[in-house]
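The block underneath contains the structure these notes are about, expressed in structure tokens.
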Amino acid sequence: MTLLKELQVEDNILLQINFLKYAIVTVSLPAISLLWCFVTGIIFQFDQVNETVCKAQNIVPSISAVTGITPGAYVWRICIAIHCTPRFAVGFVHYNHYKKRAESISEKYRGLYLKLISLNFWIYQIENSCLVAVTYISNKENYPVHEKIFVVFMISCCCYMLLNTIIFKWSRSSPMTERELFSYKIKKYMWVLIMVSTAGLIYSFILHRFYCVPFAFSFFSACEYFIAYSNMAYHVSAYLEFSDLSVVYGRLHTVQIPNNTNGTSIGNGETKSIRRLRSREKGEKVH
């Protein structure tokens, strides 16, 4: 009796994007647009972007200031809209990737592992959602709401980076490859940098809000930029785990192939075998 194996192969591919390009383009949108907003704000709207509530001296504008005024606000909002949409999809990629690795976790801790990757997924989606919300609800339009969303964003950002780093290490039961080790180092260093920057941000915010210390808000703003770019570097490290993957738009075609038969086994001749099987299904002559 011949054993049959089902195989899903790509059929009628309309679009295929390498994950490295996908990651670079996605992260470049906020990185470049934020830099553009900062430079143009400093050059053309210096007094406006450096204005503070208590009128203390300030030379470094906050992210909310440079991205909350036009024309920079238009560029920032467009780029964030394009940036966040594919990021929601990446959340599912991470979740399914970790879920497949659950088999390498001992049965004693597998239940906890599955709960943590679910929690990690939702924290990631909250972070991404807050980024959209804090972008479109500016501090100029509604400061109380903007401030609260920013706080939730910071909490979810720090929690996700810590939890995801732990899960990443935990899901590698065998010694990590050089690529995985490099990705793990980036994650650790970026999390440490963002925590140090968060501590500096909170300290400088207190000095500015309650004591109106000159240039305290400048230090607060500098910490914001460190947090933003550390967060981007952390997320772009995902390309190291999925560098061999592609984002594909097309139709999956399921075929059944004989197992352990000449010319149709899974291996180097896989593509040729699939073409032959398709030809047989269509009644065409096979060479």
Side-chain angles (χ1 to χ4, degrees), residues 19-35 37-38 60 62-64 67 76 79-80 83-84 86-95 97-98 101 116-117 119-132 134-135 149-172 176-205 219-243 245:
F19 194 88
L20 175 58
K21 294 179 181 178
Y22 185 89
I24 291 175
V25 171
T26 301
V27 176
S28 295
L29 287 167
I32 295 175
S33 60
L34 179 57
L35 179 62
C37 289
F38 177 82
V60 181
S62 66
I63 292 178
S64 298
T67 61
W76 175 249
C79 288
I80 288 297
H83 160 81
C84 285
R87 269 194 61 186
F88 281 112
V90 173
F92 288 94
V93 173
H94 272 289
Y95 175 77
H97 172 70
Y98 289 137
R101 288 183 168 269
L116 288 179
I117 64 173
L119 177 62
N120 192 54
F121 169 80
W122 288 112
I123 293 175
Y124 176 88
Q125 301 297 0
I126 291 171
E127 177 195 336
N128 200 26
S129 300
C130 286
L131 178 58
V132 177
V134 82
T135 296
I149 295 173
F150 177 74
V151 171
V152 176
F153 170 79
M154 284 300 306
I155 293 173
S156 59
C157 172
C158 295
C159 290
Y160 169 76
M161 291 174 68
L162 175 60
L163 182 57
N164 188 66
T165 303
I166 293 172
I167 293 174
F168 179 86
K169 181 68 168 63
W170 193 7
S171 62
R172 269 69 183 173
M176 288 189 283
T177 64
E178 291 185 7
R179 186 181 291 270
E180 289 175 334
L181 187 59
F182 182 50
S183 178
Y184 181 58
K185 286 181 179 179
I186 292 176
K187 288 174 170 57
K188 284 196 303 182
Y189 295 152
M190 291 305 103
W191 183 78
V192 170
L193 181 57
I194 208 170
M195 292 307 297
V196 172
S197 299
T198 300
L201 181 140
I202 295 172
Y203 176 70
S204 56
F205 181 79
F219 188 73
F220 169 89
S221 301
C223 290
E224 266 194 325
Y225 290 105
F226 275 113
I227 290 170
Y229 283 99
S230 298
N231 181 260
M232 294 177 202
Y234 185 97
H235 285 297
V236 81
S237 68
Y239 89 88
L240 293 166
E241 293 119 75
F242 309 122
S243 59
L245 302 182

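On a predicted model such as this, the values are computed, not experimentally measured, just so you know. Along the sequence shown, residues are numbered consecutively beginning with 1.
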Partners meeting side-chain contact (heavy atoms from CB on, under 4.5 Å) with Val60 (sequence neighbours left out): Phe38, Ser218, Ser221, Tyr225
Value for CD1 (Ile227) from CE (Met190), rounded to nearest 0.5 Å, stands at 13.0 Å
Could you check whether any side-chain heavy atom of Asn128 comes within less than 4.5 Å of a side-chain heavy atom of Val90, counting everything from C-beta outward? no
Tell me every residue that passes ring pair (Phe, Tyr, Trp, His ring centres under 6.0 Å) with Tyr203, counting only those two or more places apart in sequence or in another chain. none
With salt bridge (charged side-chain N to carboxylate O under 4.0 Å, His left out) as the criterion, how do Glu241 and Arg101 come out once you've worked through the C-alpha distance, each side chain's angles and the decisive distance to 0.1 Å? CA-CA 13 Å; Glu241 293 119 75; Arg101 288 183 168 269; over 6 Å; no
Nearest heavy atoms of Tyr95 and Ile117, plus distance in Å: CD1-O, 3.7 Å
Specify the closest pair of heavy atoms between Ser204 and Phe219, including all atoms of both residues, with the distance to one decimal. CB-CD2, 3.5 Å
Just verifying a value: how many Å separate Leu201 CG and Ser62 OG, rounded to the nearest 0.5 Å? 10.0 Å
Is the number of heavy atoms from other residues, nucleotides or ligands under 6.0 Å of Phe88 CZ greater than 12? yes
With heavy-atom distances below 4.5 Å as the criterion, would you say the side chains of His235 and Glu127 are in contact? yes
Can you name the closest pair of heavy atoms from Trp76 and Ser33 and give their distance? CE3-OG, 3.3 Å
Look up atom CD1 in Ile24 and atom CG in Leu20, then write down how far apart they are to the nearest 0.5 Å. 4.0 Å
For Phe92, which residues count as a ring pair (Phe, Tyr, Trp, His ring centres under 6.0 Å) partner, sequence neighbours excluded? Phe121
For Glu224, give me all partners under salt bridge (Lys or Arg N to Asp or Glu O under 4.0 Å), at least two apart in sequence or on another chain. none
Does the side chain of Lys185 come within less than 4.5 Å of Leu181's, by heavy atoms? yes
Check: residues 149-166 side-chain donor-acceptor pairs under 3.5 Å, at least two apart:
unit_1	atom_1	unit_2	atom_2	d
Ser156	OG	Val152	O	2.9
Ser156	OG	Phe153	O	3.0
Asn164	OD1	Tyr98	OH	3.0
Asn164	OD1	Asn120	ND2	3.2
Asn164	ND2	Tyr234	OH	3.1
Thr165	OG1	Met161	O	2.6
Thr165	OG1	Tyr234	OH	2.9

With a 4.5 Å limit on heavy-atom distance, are the side chains of Leu193 and Tyr229 in contact? no
From SG (Cys37) to CD1 (Ile32), nearest 0.5 Å: 12.0 Å
Side-chain donor/acceptor of Tyr124 to backbone N/O of Arg87, under 3.5 Å: yes
Starting at CE of Met176, measure out to CZ of Phe168 and round the result to the nearest 0.5 Å. 6.0 Å
Ser237 versus Ser183, closest heavy-atom pair with distance: O-OG, 3.5 Å
Considering all heavy atoms of both residues, which atom of Phe242 and which atom of Phe19 are nearest to each other, and what is their separation? O-CB, 3.2 Å
What one should report as the nearest heavy-atom pair of Gln125 and Gly91 is NE2-CA, 3.9 Å
Between atom CG of Leu240 and atom NZ of Lys187, what is the distance when rounded to the nearest 0.5 Å? 7.0 Å
Exactly one of Leu131, Thr67, Leu34, Leu29 should register a side chain to side chain contact (heavy atoms under 4.5 Å, CB included) with Ile80. Which one does? Leu131
Could you work out, with ring pair (Phe, Tyr, Trp, His ring centres under 6.0 Å) as the rule, every residue matching Trp191, not counting sequence neighbours? none
